[in-house]
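Following: one structure in structure tokens, then a few remarks.
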2 protein chains.
Amino acid sequence: MDLPPATAAFVLHFGEMGSRWGINRTVGQIYALLFLSDRPLCADDIVAQLGFSRSNVSMGLKELETWRLVKLQHLPGDRREHFTTPDDVWQIVRILAEERRKREIDPTLSLLRDVLMQKPATRADEHAQGRMENLLEVISLLTGWMDDVKSLPDERLIALLKLGGRVARVLEATERFQDIVTRRNRPSKKA
Amino acid sequence: MDLPPATAAFVLHFGEMGSRWGINRTVGQIYALLFLSDRPLCADDIVAQLGFSRSNVSMGLKELETWRLVKLQHLPGDRREHFTTPDDVWQIVRILAEERRKREIDPTLSLLRDVLMQKPATRADEHAQGRMENLLEVISLLTGWMDDVKSLPDERLIALLKLGGRVARVLEATERFQDIVTRRNRPSKKA
DNA sequence: CAGTATGTTCAGGAATTTCTGAAAATCAAG
DNA sequence: CTTGATTTTCAGAAATTCCTGAACATACTG
């Protein structure tokens, strides 16, 4: 591997990171290389740069395609398949969020819903189902939020993120104001 | 494993999910069992319920402790160590977010910053560094948002999530209104 | 059609990770 | 200090995952 040092460092790091997720090291490296490249790469380019076997690269690219993380394209006058990543990092974030949701969250939600249909048989069962209900509620809220912001254009999403928790603080102030106006006390721990 | 069916289904599912992340199957199952249990469990309880070797359970609990996902406690009159998960699912979400950040995001940010200090040597290098800058910006924004909402109390966080993208739409409306007031056109693609 | 370039599949070897049992360490209680 | 209960460690067995090379498939070219 005779990559420029910056690229090499990134590729290696990404490989390690990949293996902390479901993705294996070589697939992570292939993706990182494509992400940094200033032109579409074909399988042989990747073999040349990373030194994996041709078949490994082929399988890695296949996997990245199932994740929709790379796009196949043909260069004029070249029969070989070339691959790129989307230019826009926000686009990549959106795709990742969608794919992980499809693969991890949705099956979990469906399992929780199935299980919660059953009648608890024992006291312990009842407790367990209560826990699963809590979990279902939290996951639903989080994914609901994701669904909601997903439809925003990038600039809006960015603005929203920059706003951060301030929105909530405005909400809080408003509520406090309302309490004053309506002469109620701020809600105590109990009420 | 003679668990009630709802618990068994959840434990097995969680094990599989765990292995899609860095966590291995047995550790995932141990965690799921503790999460559902209505009382603290000791290592031998877990051995009895899941059928792993004692030493495997011991190591699994160690790993869960490093993730701060389980808490050790002692029951009166029992010398054995017992384990629980936090009662509050939001608390669990917060811990997970912090730990993953510490283990995955922070090292990535520091690598990107390091690499971006170097002067690009070639045109391709320059492009690669540009990509890394884009990535750094996106990650910074996302983690900045997380830092910001992390400090909100649960109820505020929940309110914020329920609000979803509506905040952004209010923002947009406001901006459009401002454009009208100041007699500017809505910003075009170019300007 | 033959020949060549390109892409895919897959059996099995290599590497890694997981899991276990046995031994060692720790610790409370007598 | 000794005993027994509990937990930890760790070498290596077992299981899993990864990777490769060779064979095969496909499709373009002349």
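In what follows, chains carry the letters A, B, and so on, assigned in the order in which the sequence lines appear, proteins first and then strands, with residues in each chain numbered from 1.
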task: May I ask you to say whether E104(A) pairs ionically with R20(B), meaning some side-chain N is under 4.0 Å from a carboxylate O?
output: no
message: Whole angstroms only, please: what is the CG-C1' distance between L75(B) and dT6(D)?
response: 15 Å
- prompt: Side chains of T85(A) and R131(B): do they bring a donor and an acceptor to under 3.5 Å?
  reply: yes
query: Between dT9(C), dC19(C), dT20(D), which nucleotide has the shortest distance from any of its atoms to the side chain of F52(A)?
result: dT20(D)
task: Starting at atom CD1 of I46(B), determine the distance to atom P of dC19(C), rounded to an integer number of angstrom.
output: 14 Å
query: Whole-Å distance between dT6(D) P and L41(B) CG?
result: 15 Å
message: Rounded to whole Å, how long is the line connecting atom CZ of R20(B) with atom C1' of dT17(D)?
response: 15 Å
- line: When rounded to whole Å, the NE2 to P distance for the pair H82(A) and dG7(C) reads 8 Å
field: Minimum-distance pair of heavy atoms, taken over all atoms of R80(A) and H82(A)
entry: O-ND1, 3.0 Å
task: Whole angstrom is fine here: how far is it from CG in D44(B) over to P in dT7(D)?
output: 7 Å
message: Once you apply a heavy-atom cut-off of 4.0 Å, does N56(A) come out as touching a base, just sugar-phosphate, or nothing?
response: base
query: Counting any heavy atom closer than 4.0 Å, what does R79(B) reach on the DNA or RNA strands: base, sugar-phosphate only, or nothing?
result: base
message: Can you measure D78(A) atom CG to dT29(D) atom P for me and round it to whole angstrom units?
response: 11 Å
message: At 4.0 Å (heavy atoms only), tell me whether R54(B) reaches a base, stays on the sugar-phosphate, or touches nothing.
response: base
message: With the threshold set at under 4.0 Å for non-hydrogen atoms, list the residues of residues 59-73 of chain A touching DNA chain D in residue-number order.
response: none
- request: May I ask whether L136(B) and L142(B) are part of the same hydrophobic cluster, defined by side-chain heavy atoms of I, L, V, M, F, W, Y residues being less than 4.5 angstrom apart, directly or through others?
  value: yes
message: Quiz question: going by heavy-atom distance under 3.5 Å, is there a donor-acceptor pair between the base of dG21(D) and the side chain of S53(A)?
response: no
message: For dC19(D) and T26(A) - does any side-chain N or O of the residue sit under 4.0 Å from the phosphate oxygens OP1/OP2?
response: yes
- prompt: Are any of N24(B)'s side-chain N or O atoms less than 4.0 Å away from OP1 or OP2 of dC19(C)?
  reply: yes
- request: Measure from CD1 on I23(A) to C1' on dC18(D) and round the result to the nearest Å.
  value: 15 Å
Cluster overlap L33(A) with I23(A), hydrophobic side-chain contacts below 4.5 Å: yes
Nearest-neighbour nucleotide for the S55(B) side chain, dT20(C), dT20(D), dC19(D) considered: dT20(C)
query: Less than 6.0 Å separating the ring centroids of W145(A) and W145(B)?
result: yes
field: Note: D88(A)-R94(A) ion pair, threshold 4.0 Å (strictly below)
entry: no
task: Give a yes/no on whether any side-chain N or O of R25(B) is located under 4.0 angstrom from OP1 or OP2 of dC19(C).
output: yes
